[in-house]
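In what follows, a single structure is set out as structure tokens and then discussed.
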Protein chains: 2
Amino acid sequence: MQAPDYQAETAQCVFIGRMLGRVTDKWTVLIVRVLGRGPCRFNALRREVGEISQKVLASTLRDLEENGLVSRTVTPVNPPQVEYALTDLGRDFLRPIRGLAEWVLENAALIEAARAEYAARAST
Amino acid sequence: MQAPDYQAETAQCVFIGRMLGRVTDKWTVLIVRVLGRGPCRFNALRREVGEISQKVLASTLRDLEENGLVSRTVTPVNPPQVEYALTDLGRDFLRPIRGLAEWVLENAALIEAARAEYAARAST
DNA sequence: CGGGATCCTTATCGATACTG
DNA sequence: CAGTATCGATAAGGATCCCG
């Protein structure tokens, strides 16, 4: 027997899973981290982040904006200027992300060891 | 100018991003959560998790095993019996995951509000 | 400079069928 | 029961061109 709210919990987890999915793709973490150091414009962001196509950067930024983690400020000058920055929510989001990041870093050796052992077992 | 270890930090973040990617697909969180309640066999796991194909379940479990978060114990009886369980590392991993989950739940309303506002802006 | 539109290439997912 | 193998659909990612 399980707790009565098990189904609700499952629904929550699906919701969380979706949010995690939105938030944890390959690039989101990198972008949030760069923006954590201060506002940044599109192409500057692109250079800082590394090997990302503008399409993916644009769509990732749209997602972040849609979820309220990033703000987008257009200054209508010539040439156009668009600044991206973390919102309060986005800055707050750095906290759990850092928690996860720290965990990964702390346990990187264990994970690598597990992977090596797994590879060894597989090739035997 | 930036801190001298910025490149290294970037590499770290790419590593973290990869780990996050491994760890945060649609199903991983759900599976880890179910296993957090105790060991479970393949088909039982499949029923508990919900709408998942055995292919995806199998490959997700392989990934988790490869990263050392889940153990796989085969008991050679008839019919075959395979138990999956969290390893110590996997149990420890619940901590940051829960941190993230809590953050998502705490801020779900804000995120939904941001999404609603964004949608409203877009349709205008 | 900051993207949108398009096309093409790859992973990913799911369903079905088959094995020890 | 616990998977692997195969196939088709679909989504994600990248490259390129173009426009305000």
Side-chain angles (χ1 to χ4, degrees), chain A residues 14 17-31 34-35 38-67 70-86 118 121-124, chain B residues 14 17-31 34-35 38-67 70-85 118-119 121-124:
Chain A
V14 169
R18 262 212 317 276
M19 266 308 301
L20 288 179
R22 287 203 196 102
V23 135
T24 59
D25 71 69
K26 205 169 153 192
W27 300 111
T28 301
V29 186
L30 286 310
I31 294 172
V34 171
L35 289 179
C40 200
R41 294 174 57 184
F42 189 86
N43 280 326
L45 202 45
R46 193 175 169 193
R47 278 186 298 272
E48 299 252 30
V49 167
E51 286 303 310
I52 186 173
S53 67
Q54 48 59 324
K55 176 187 176 182
V56 174
L57 178 56
S59 81
T60 307
L61 284 170
R62 257 201 310 278
D63 280 359
L64 286 170
E65 194 196 350
E66 191 176 348
N67 289 316
V70 162
S71 66
R72 179 174 179 275
T73 314
V74 182
T75 311
V77 295
N78 203 297
Q81 176 172 341
V82 182
E83 272 223 336
Y84 291 91
L86 292 183
Y118 183 90
R121 232 183 320 160
S123 65
T124 310
Chain B
V14 170
R18 264 212 314 278
M19 263 307 298
L20 288 179
R22 287 203 197 101
V23 134
T24 59
D25 72 68
K26 205 168 151 190
W27 300 111
T28 302
V29 185
L30 286 311
I31 293 172
V34 171
L35 289 179
C40 200
R41 295 174 57 184
F42 189 86
N43 279 325
L45 201 45
R46 194 176 167 193
R47 277 187 297 273
E48 299 252 28
V49 167
E51 287 303 312
I52 186 173
S53 68
Q54 54 36 334
K55 177 189 175 180
V56 174
L57 178 56
S59 82
T60 306
L61 285 170
R62 258 200 310 278
D63 280 359
L64 286 170
E65 194 196 352
E66 191 175 349
N67 290 315
V70 161
S71 67
R72 178 172 179 275
T73 314
V74 182
T75 310
V77 296
N78 203 297
Q81 177 171 340
V82 182
E83 273 225 334
Y84 291 91
Y118 183 90
R121 234 183 318 160
S123 65
T124 312

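Per chain, numbering begins at 1; letters A, B, ... match sequence-line order.
- A distance of 9.0 Å separates CG in B:N43 from CD in B:Q54, rounded to the nearest 0.5 Å.
- Separating the CG atom of A:L57 from the P atom of D:dG13 is a distance of 12 Å, rounded to the nearest angstrom.
- The two residues B:L57 and B:F42 come nearest to each other via the heavy atoms CD2-O, 3.8 Å.
- Across the interface with DNA chain D, nearest-nucleotide mapping of A:W27 and A:P80 shows A:W27 to be the residue nearer the 5′ end.
- Ranking C:dG3, D:dA2, D:dG13 by closeness to the B:V82 side chain, first place goes to D:dA2.
- In this structure, CG of A:N43 is placed 9 Å from C1' of C:dG3, rounded to the nearest angstrom.
- When the nucleotides D:dA2, C:dG4, C:dA15 are ranked by their closest atom to the side chain of B:S53, C:dA15 comes out on top.
- Distance check: A:E66 CD to A:R72 CZ gives 13.5 Å after rounding to the nearest 0.5 Å.
- For the pair A:R46 (side chain) and A:I52 (backbone), a donor-acceptor distance under 3.5 Å is present.
- Bending across the helix from C:dC1-D:dG20 to C:dG20-D:dC1, expressed as the angle between its end axes from five pairs apiece, amounts to 40° (10° rounding).
- The side chain of A:R62 places an N or O atom within less than 4.0 Å of a non-bridging phosphate oxygen (OP1 or OP2) of C:dG4.
- As rounded to whole Å, 7 Å separates atom C1' of C:dT12 from atom NZ of B:K55.
- Atom CZ of B:R46 and atom P of D:dT4 are 13 Å apart (whole Å).
- Note that the OH atom of A:Y84 and the CG atom of A:L61 stand 5.0 Å from one another [nearest 0.5 Å].
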*Test B:L45 against B:L35 for side chain to side chain contact (heavy atoms under 4.5 Å, CB included), laying out the working first.*
CA-CA 8 Å; B:L45 201 45; B:L35 289 179; 4.0 Å; yes
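- A sub-4.0 Å separation between OP1 or OP2 of C:dC1 and a side-chain N or O of A:R41 is absent.
- With rounding to whole Å, B:N78 atom CG is found 14 Å from D:dG3 atom C1'.
- Regarding contacts with the backbone of D:dC1, every side-chain N or O of B:Y84 stays at 4.0 angstrom or more from both OP1 and OP2.
- Heavy-atom distances to DNA chain C give each of A:Q81 and B:E51 a nearest nucleotide, and the one nearer the 5′ end belongs to A:Q81.
- Here the side chain of A:Q54 is nearest to one of C:dA17, D:dG14, D:dC17, namely D:dC17.
- Of the candidates C:dC13, D:dG3, C:dG2, D:dG3 carries the atom nearest the B:A58 side chain, counting heavy atoms from C-beta on.
- In this structure, A:R47 and B:I52 both approach DNA chain C, and ranking their closest nucleotides by distance from the 5' end singles out A:R47.
- A side chain to side chain contact (heavy atoms under 4.5 Å, CB included) with A:I31 holds for exactly one of A:D63, A:T60, A:V70; it is A:T60.
- Of the listed nucleotides (D:dG3, C:dG14, D:dG14), D:dG14 has the atom at the smallest distance from the side chain of A:V56.
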